[in-house]
J.: 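Input: one structure, supplied below.
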Amino acid sequence: MAAGTTNYLNNAWLNTIKATGTSYNVAGAIGVLLHTSTGPGSTGANTSSVTTRQSVTFLSSTQSVLTQTGTPQWSSWAGTNGEVVTWVSFWDTTGTGGNMLWTAQLSSSKTINTGDTFTLSSSSLTITSAA
């Protein structure tokens, strides 16, 4: 899967347009999860050894861009020493379960060692308009 929105999110948006009275249920909180290897694919696979989702917030979108505010952190890394994180996925919950909304590849991979802190300093989702 390339980076971008998931089938779940695309279908939810399209079904909102299609049917009167159908609406997309906005997530109460967005959770971000770290991934290794070739990324999360369409199912959220290849999670890092630390599977805790951190809460992330976004500014109101402008010009079809949703931009992160705040800085989710994984402090005192207790996962696999020397793990290489390459992707993130965004979910409609900070807990377990829920629906994956979109994915993004990091601009550069990050090796995380025991005791390190990993901070996601920026992320954004851009929707390309037809016009």
J.: Which pair of heavy atoms, one from W87 and one from Q105, lies closest together, and at what distance?
T.: CE3-N, 3.6 Å
J.: Does G82 offer a backbone N or O that forms a donor-acceptor pair with the side chain of N113 under 3.5 Å?
T.: yes
J.: Nearest 0.5 Å please: distance from the CZ atom of F90 over to the OG1 atom of T6.
T.: 12.5 Å
J.: Using atom types as modelled and distance alone, determine if a side-chain donor or acceptor of T119 lies under 3.5 Å from a backbone N or O of S121.
T.: no
J.: So how far is it from R53 CZ to D92 CG, rounded to the nearest 0.5 Å?
T.: 8.0 Å
J.: I'd like to check T67 versus T62 (side-chain heavy atoms, cut-off strictly below 4.5 Å). Are they in contact?
T.: no
J.: Give me the atom names and distance for the closest heavy-atom approach of N46 to T38.
T.: ND2-OG1, 3.5 Å
J.: Roughly how far, to the nearest 0.5 Å, is CG of L34 from NZ of K110?
T.: 12.0 Å
J.: Got a donor-acceptor contact below 3.5 angstrom from the H35 side chain to the A45 backbone?
T.: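 Between the backbone of A45 and the side chain of H35 there is a qualifying donor-acceptor contact (under 3.5 Å).
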J.: Side chains of T103 and V88: does their closest heavy-atom pair fall under 4.5 Å?
T.: no
J.: For the pair N99 and L9, evaluate side chain to side chain contact (heavy atoms under 4.5 Å, CB included) and give the outcome as yes or no after the intermediate values.
T.: CA-CA 8 Å; N99 301 289; L9 186 58; over 6 Å; no
J.: Which heavy atom of P72 sits nearest a heavy atom of S55, and at what distance?
T.: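 So the minimum-distance heavy-atom pair works out to CB-O, 3.5 Å.
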J.: Write down the atom of G44, the atom of M100, and the distance for their closest heavy-atom approach.
T.: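 Scanning both residues, the minimum pair turns out to be N-CE, 3.6 Å.
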J.: How long is the span from the CG atom in L120 to the OG atom in S122, to the nearest 0.5 Å?
T.: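 One gets 7.0 Å once the value is rounded to the nearest 0.5 Å.
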J.: Once rounded to the nearest 0.5 Å, what's the spacing between atom CH2 of W74 and atom CD1 of I112?
T.: 8.5 Å
J.: To the closest 0.5 Å, what do you measure between CD (Q68) and OG (S124)?
T.: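 So the gap between those two atoms works out to 9.0 Å.
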J.: Minimum heavy-atom separation for G31 to T94, with atom names?
T.: CA-CG2, 3.9 Å
J.: Write down the atom of T117, the atom of Q73, and the distance for their closest heavy-atom approach.
T.: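 Reported closest heavy-atom pair: CG2-CD, 3.8 Å.
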J.: Check whether any side-chain heavy atom of W77 sits under 4.5 Å from a side-chain heavy atom of S48, and report yes or no.
T.: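 Yes, at least one pair of side-chain atoms sits under 4.5 Å.
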J.: Under a 4.5 Å side-chain heavy-atom rule over Ile, Leu, Val, Met, Phe, Trp and Tyr, are W13 and L66 clustered together?
T.: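 Same hydrophobic cluster.
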